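It should be emphasised that the depicted structure is a prediction, and the values quoted were computed from it without experimental measurement.
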Amino acid sequence: MTHPVRRPALALLACVALSACASAGPAAAQVPPAGQAGVSGDTLDPNWVPAGYGTLRQDDIALKSSPANGLQIRAIPLDERFIRLLSPDSYRSLRELQASKAQALLAVKERNRLPSYSIWYVSFFALEQGETRFSPQEFIISNTGRDFRPLDIVPLTPGFGEYRLKQREVQSALLVFDGQIDLNQPVTAQLESVPSVTDWNTILQRVERERALVRSRVAPKR
(Lines give C-alpha, C1' and ligand atoms only; values in the text may rest on other atoms or scores of the structure.)
Protein backbone atom coordinates (compact mmCIF):
# COMPACT_ATOMS: atom_id res chain seq x y z
CA MET A 1 0.00 0.00 0.00
CA THR A 2 1.34 3.44 -0.91
CA HIS A 3 1.82 5.90 1.93
CA PRO A 4 0.41 9.44 1.59
CA VAL A 5 2.75 12.17 0.43
CA ARG A 6 2.49 15.63 1.97
CA ARG A 7 1.71 18.52 -0.35
CA PRO A 8 3.55 17.48 -3.53
CA ALA A 9 4.62 20.14 -5.98
CA LEU A 10 2.05 21.35 -8.46
CA ALA A 11 4.26 20.28 -11.34
CA LEU A 12 4.08 16.68 -10.14
CA LEU A 13 0.32 16.87 -9.69
CA ALA A 14 -0.11 18.29 -13.17
CA CYS A 15 1.47 15.16 -14.56
CA VAL A 16 -1.16 12.95 -13.04
CA ALA A 17 -4.28 15.05 -12.46
CA LEU A 18 -7.06 13.86 -14.72
CA SER A 19 -9.71 14.38 -17.17
CA ALA A 20 -11.85 16.55 -13.30
CA CYS A 21 -22.33 26.69 -1.32
CA ALA A 22 -22.78 30.05 -1.79
CA SER A 23 -25.18 32.61 -3.12
CA ALA A 24 -24.56 34.42 -6.35
CA GLY A 25 -21.05 35.85 -6.44
CA PRO A 26 -19.27 33.95 -3.61
CA ALA A 27 -15.61 34.53 -3.03
CA ALA A 28 -13.41 32.13 -5.00
CA ALA A 29 -11.80 29.32 -3.01
CA GLN A 30 -8.05 29.57 -2.64
CA VAL A 31 -7.32 26.35 -4.51
CA PRO A 32 -4.71 26.28 -7.28
CA PRO A 33 -5.95 25.17 -10.71
CA ALA A 34 -4.98 21.82 -12.18
CA GLY A 35 -5.42 20.40 -15.64
CA GLN A 36 -6.51 16.96 -16.72
CA ALA A 37 -3.85 14.77 -18.29
CA GLY A 38 -4.12 15.13 -22.03
CA VAL A 39 -6.64 17.97 -21.80
CA SER A 40 -5.93 21.67 -21.88
CA GLY A 41 -7.80 23.84 -19.40
CA ASP A 42 -7.89 26.87 -21.65
CA THR A 43 -10.89 28.94 -22.63
CA LEU A 44 -11.40 26.98 -25.85
CA ASP A 45 -13.17 24.27 -23.84
CA PRO A 46 -16.57 25.62 -22.72
CA ASN A 47 -16.77 23.00 -19.97
CA TRP A 48 -14.01 24.69 -17.97
CA VAL A 49 -15.11 27.22 -15.37
CA PRO A 50 -13.22 28.91 -12.50
CA ALA A 51 -12.97 26.97 -9.27
CA GLY A 52 -14.57 28.22 -6.08
CA TYR A 53 -18.02 29.26 -7.34
CA GLY A 54 -19.84 25.91 -7.42
CA THR A 55 -22.55 24.69 -5.05
CA LEU A 56 -22.95 21.00 -5.96
CA ARG A 57 -22.41 18.17 -3.49
CA GLN A 58 -20.21 15.17 -4.22
CA ASP A 59 -23.30 12.97 -4.47
CA ASP A 60 -24.57 15.23 -7.27
CA ILE A 61 -21.85 13.94 -9.63
CA ALA A 62 -21.49 10.39 -8.27
CA LEU A 63 -22.30 7.07 -9.87
CA LYS A 64 -23.95 4.73 -7.36
CA SER A 65 -24.40 0.97 -7.46
CA SER A 66 -25.88 -1.59 -5.07
CA PRO A 67 -24.88 -5.14 -6.00
CA ALA A 68 -25.80 -8.13 -3.83
CA ASN A 69 -25.03 -8.72 -0.16
CA GLY A 70 -25.76 -5.18 1.02
CA LEU A 71 -22.71 -3.67 -0.70
CA GLN A 72 -23.04 -0.05 -1.80
CA ILE A 73 -20.63 1.74 -4.12
CA ARG A 74 -20.13 5.42 -4.85
CA ALA A 75 -17.80 6.55 -7.64
CA ILE A 76 -16.85 10.18 -8.31
CA PRO A 77 -14.85 11.20 -11.40
CA LEU A 78 -11.94 13.45 -10.43
CA ASP A 79 -12.28 15.45 -13.61
CA GLU A 80 -11.59 19.17 -13.14
CA ARG A 81 -14.45 20.09 -15.46
CA PHE A 82 -16.82 18.36 -13.03
CA ILE A 83 -15.30 18.85 -9.59
CA ARG A 84 -14.92 22.61 -10.11
CA LEU A 85 -18.71 22.73 -9.90
CA LEU A 86 -18.66 21.44 -6.32
CA SER A 87 -18.82 23.68 -3.28
CA PRO A 88 -15.39 25.15 -2.41
CA ASP A 89 -14.87 22.83 0.57
CA SER A 90 -15.76 19.72 -1.45
CA TYR A 91 -13.56 20.80 -4.32
CA ARG A 92 -10.62 21.46 -2.01
CA SER A 93 -11.13 18.11 -0.26
CA LEU A 94 -10.98 16.13 -3.51
CA ARG A 95 -7.99 18.08 -4.80
CA GLU A 96 -6.07 17.46 -1.58
CA LEU A 97 -7.05 13.79 -1.59
CA GLN A 98 -5.69 13.42 -5.11
CA ALA A 99 -2.55 15.40 -4.28
CA SER A 100 -1.84 13.12 -1.31
CA LYS A 101 -1.42 10.23 -3.77
CA ALA A 102 0.46 12.14 -6.47
CA GLN A 103 3.56 9.94 -6.40
CA ALA A 104 1.54 6.73 -6.60
CA LEU A 105 -0.50 8.15 -9.48
CA LEU A 106 2.66 9.22 -11.27
CA ALA A 107 3.97 5.66 -10.94
CA VAL A 108 0.76 4.37 -12.54
CA LYS A 109 1.21 6.81 -15.41
CA GLU A 110 4.80 5.73 -15.96
CA ARG A 111 3.84 2.05 -15.95
CA ASN A 112 1.02 2.38 -18.48
CA ARG A 113 2.35 5.12 -20.80
CA LEU A 114 -1.07 6.21 -22.04
CA PRO A 115 -1.88 9.72 -23.35
CA SER A 116 -4.43 10.40 -20.61
CA TYR A 117 -6.12 8.86 -17.59
CA SER A 118 -9.45 9.00 -15.82
CA ILE A 119 -9.23 8.86 -12.01
CA TRP A 120 -12.29 7.89 -9.96
CA TYR A 121 -12.69 8.19 -6.20
CA VAL A 122 -14.54 4.98 -5.35
CA SER A 123 -15.95 4.04 -1.93
CA PHE A 124 -17.31 0.64 -0.88
CA PHE A 125 -19.77 0.51 2.02
CA ALA A 126 -21.34 -2.51 3.76
CA LEU A 127 -24.89 -2.47 5.14
CA GLU A 128 -25.31 -6.03 6.33
CA GLN A 129 -23.93 -7.75 9.41
CA GLY A 130 -20.96 -10.04 9.10
CA GLU A 131 -18.30 -9.81 6.43
CA THR A 132 -18.97 -8.39 2.97
CA ARG A 133 -16.48 -9.11 0.21
CA PHE A 134 -15.80 -6.77 -2.72
CA SER A 135 -13.55 -6.83 -5.76
CA PRO A 136 -12.52 -3.39 -7.07
CA GLN A 137 -10.86 -4.98 -10.09
CA GLU A 138 -14.35 -5.99 -11.24
CA PHE A 139 -15.68 -2.43 -11.07
CA ILE A 140 -16.32 -1.80 -14.76
CA ILE A 141 -17.22 1.52 -16.39
CA SER A 142 -19.16 1.33 -19.66
CA ASN A 143 -18.91 4.31 -21.98
CA THR A 144 -18.76 5.04 -25.73
CA GLY A 145 -19.54 1.41 -26.52
CA ARG A 146 -16.60 0.08 -24.48
CA ASP A 147 -16.08 -1.51 -21.08
CA PHE A 148 -13.21 -0.01 -19.08
CA ARG A 149 -11.55 -1.95 -16.27
CA PRO A 150 -9.20 -0.31 -13.76
CA LEU A 151 -5.63 -0.05 -14.96
CA ASP A 152 -4.48 0.26 -11.38
CA ILE A 153 -5.78 0.89 -7.87
CA VAL A 154 -4.36 3.33 -5.31
CA PRO A 155 -5.78 2.56 -1.83
CA LEU A 156 -6.83 5.43 0.42
CA THR A 157 -7.96 3.64 3.58
CA PRO A 158 -6.09 1.15 5.78
CA GLY A 159 -7.09 -2.42 5.07
CA PHE A 160 -8.41 -1.74 1.57
CA GLY A 161 -6.28 -4.53 0.11
CA GLU A 162 -8.11 -7.13 2.21
CA TYR A 163 -11.21 -6.55 0.02
CA ARG A 164 -13.68 -7.15 2.82
CA LEU A 165 -15.92 -4.95 4.93
CA LYS A 166 -17.55 -5.12 8.33
CA GLN A 167 -21.04 -3.71 8.77
CA ARG A 168 -21.07 0.10 8.34
CA GLU A 169 -17.41 0.09 7.30
CA VAL A 170 -16.18 2.14 4.35
CA GLN A 171 -13.11 1.39 2.24
CA SER A 172 -11.98 3.79 -0.48
CA ALA A 173 -9.42 3.98 -3.28
CA LEU A 174 -8.53 5.88 -6.41
CA LEU A 175 -9.26 3.70 -9.45
CA VAL A 176 -7.30 4.66 -12.54
CA PHE A 177 -8.85 4.08 -15.96
CA ASP A 178 -7.90 4.79 -19.55
CA GLY A 179 -8.49 8.47 -20.28
CA GLN A 180 -10.68 7.64 -23.28
CA ILE A 181 -13.70 7.65 -20.98
CA ASP A 182 -15.86 10.55 -22.18
CA LEU A 183 -17.89 11.95 -19.30
CA ASN A 184 -20.00 14.00 -21.69
CA GLN A 185 -21.47 10.75 -23.01
CA PRO A 186 -23.67 8.23 -21.12
CA VAL A 187 -21.73 6.44 -18.38
CA THR A 188 -22.73 3.38 -16.40
CA ALA A 189 -20.79 1.25 -13.94
CA GLN A 190 -21.25 -2.31 -12.79
CA LEU A 191 -19.94 -4.73 -10.23
CA GLU A 192 -20.90 -8.40 -10.16
CA SER A 193 -22.92 -7.75 -13.35
CA VAL A 194 -25.22 -5.36 -11.44
CA PRO A 195 -25.40 -1.97 -13.23
CA SER A 196 -25.30 1.37 -11.47
CA VAL A 197 -28.62 2.90 -10.49
CA THR A 198 -27.57 6.42 -11.43
CA ASP A 199 -28.90 8.06 -14.59
CA TRP A 200 -25.82 9.80 -16.00
CA ASN A 201 -27.95 11.97 -18.28
CA THR A 202 -29.53 13.47 -15.17
CA ILE A 203 -26.05 14.24 -13.84
CA LEU A 204 -25.07 15.88 -17.12
CA GLN A 205 -28.16 18.10 -17.02
CA ARG A 206 -27.37 19.06 -13.41
CA VAL A 207 -23.76 19.78 -14.32
CA GLU A 208 -24.69 21.97 -17.29
CA ARG A 209 -27.12 24.00 -15.18
CA GLU A 210 -24.43 24.54 -12.56
CA ARG A 211 -21.90 25.60 -15.19
CA ALA A 212 -24.32 28.28 -16.37
CA LEU A 213 -24.83 29.44 -12.77
CA VAL A 214 -21.08 29.56 -12.13
CA ARG A 215 -20.59 31.72 -15.22
CA SER A 216 -23.30 34.07 -13.99
CA ARG A 217 -21.61 34.33 -10.59
CA VAL A 218 -18.22 35.03 -12.13
CA ALA A 219 -19.40 37.55 -14.74
CA PRO A 220 -20.07 40.50 -12.34
CA LYS A 221 -16.53 40.18 -10.94
CA ARG A 222 -14.84 40.66 -14.28
Side-chain angles (χ1 to χ4, degrees), residues 8-63 75-102 105-106 108-109 114-122 141 143-144 148 174-187 198-222:
L10 284 179
L12 180 60
L13 177 59
C15 291
V16 298
L18 302 180
S19 324
C21 312
S23 56
Q30 298 302 310
V31 181
Q36 174 192 11
V39 178
S40 172
D42 57 29
T43 55
L44 297 179
D45 187 339
N47 293 327
W48 284 80
V49 296
Y53 296 88
T55 63
L56 296 183
R57 300 171 299 118
Q58 292 184 17
D59 278 352
D60 290 331
I61 61 170
L63 271 178
I76 299 173
L78 299 187
D79 185 308
E80 280 287 316
R81 294 165 294 184
F82 279 66
I83 65 174
R84 286 188 178 201
L85 302 171
L86 300 177
S87 66
D89 286 347
S90 288
Y91 174 67
R92 184 183 298 109
S93 173
L94 291 180
R95 283 295 309 279
E96 291 177 351
L97 180 149
Q98 189 173 3
S100 74
K101 295 297 182 180
L105 293 170
L106 180 59
V108 172
K109 181 175 184 287
L114 295 177
S116 62
Y117 300 85
S118 180
I119 296 178
W120 290 68
Y121 171 36
V122 183
I141 292 178
N143 174 252
T144 62
F148 295 87
L174 300 180
L175 271 58
V176 184
F177 295 85
D178 189 316
Q180 293 188 49
I181 293 175
D182 183 358
L183 296 178
N184 292 313
Q185 299 296 324
V187 177
T198 306
D199 181 1
W200 192 254
N201 287 327
T202 299
I203 289 180
L204 290 178
Q205 293 169 10
R206 183 181 300 134
V207 161
E208 193 51 47
R209 283 195 302 269
E210 187 66 18
R211 283 197 184 112
L213 290 171
V214 167
R215 293 186 187 105
S216 71
R217 294 170 193 139
V218 174
K221 294 183 175 294
R222 291 179 177 174

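- Atom CG of L86 is separated from atom CZ of R95 by 12.0 Å, given to the nearest 0.5 angstrom.
- Between V218 and P50, the shortest heavy-atom contact is CG2-CG, 3.9 Å.
- Taking CG from L94 and CD1 from I119, the interatomic distance works out to 11.5 Å, rounded to the nearest 0.5 Å.
- The OH atom of Y121 sits 8.5 Å away from atom CG of L174, with the distance rounded to the nearest 0.5 Å.
- Of all heavy-atom pairs spanning F148 and F177, the tightest one is O-CE2, 3.4 Å.
- Nearest heavy-atom pair across P88 and G54 is CD-O, 3.7 Å.
- Stacking of R84 on the aromatic ring of Y53 is not recorded, the 6.0 Å distance cut-off and the 45° axial limit not both being met.
- Looking at I61, V187, V207 one by one, the single match for side-chain contact (heavy atoms from CB on, under 4.5 Å) with W200 turns out to be V187.
- In this structure, the separation between OG on S93 and CD1 on I83 is 10.0 Å, given to the nearest 0.5 Å.
- For the atom pair CD1 of I141 and CG of L175, the computed distance is 7.5 Å after rounding to the nearest 0.5 Å.
- The CG atom of L63 sits 4.5 Å away from the CH2 atom of W120 when rounded to the nearest 0.5 Å.
- Minimum interatomic distance between L183 and L204 (heavy atoms only, all atoms of both residues): O-CD2, 3.2 Å.
- Side-chain atoms of R206 and L56, non-hydrogen and from C-beta on, do get closer than 4.5 Å to each other.
- For the residue pair R81 and R211, the shortest heavy atom distance occurs at O-NH2, 3.2 Å.
- N143 and Q185 get closest at one heavy-atom pair: ND2-O, 3.6 Å.
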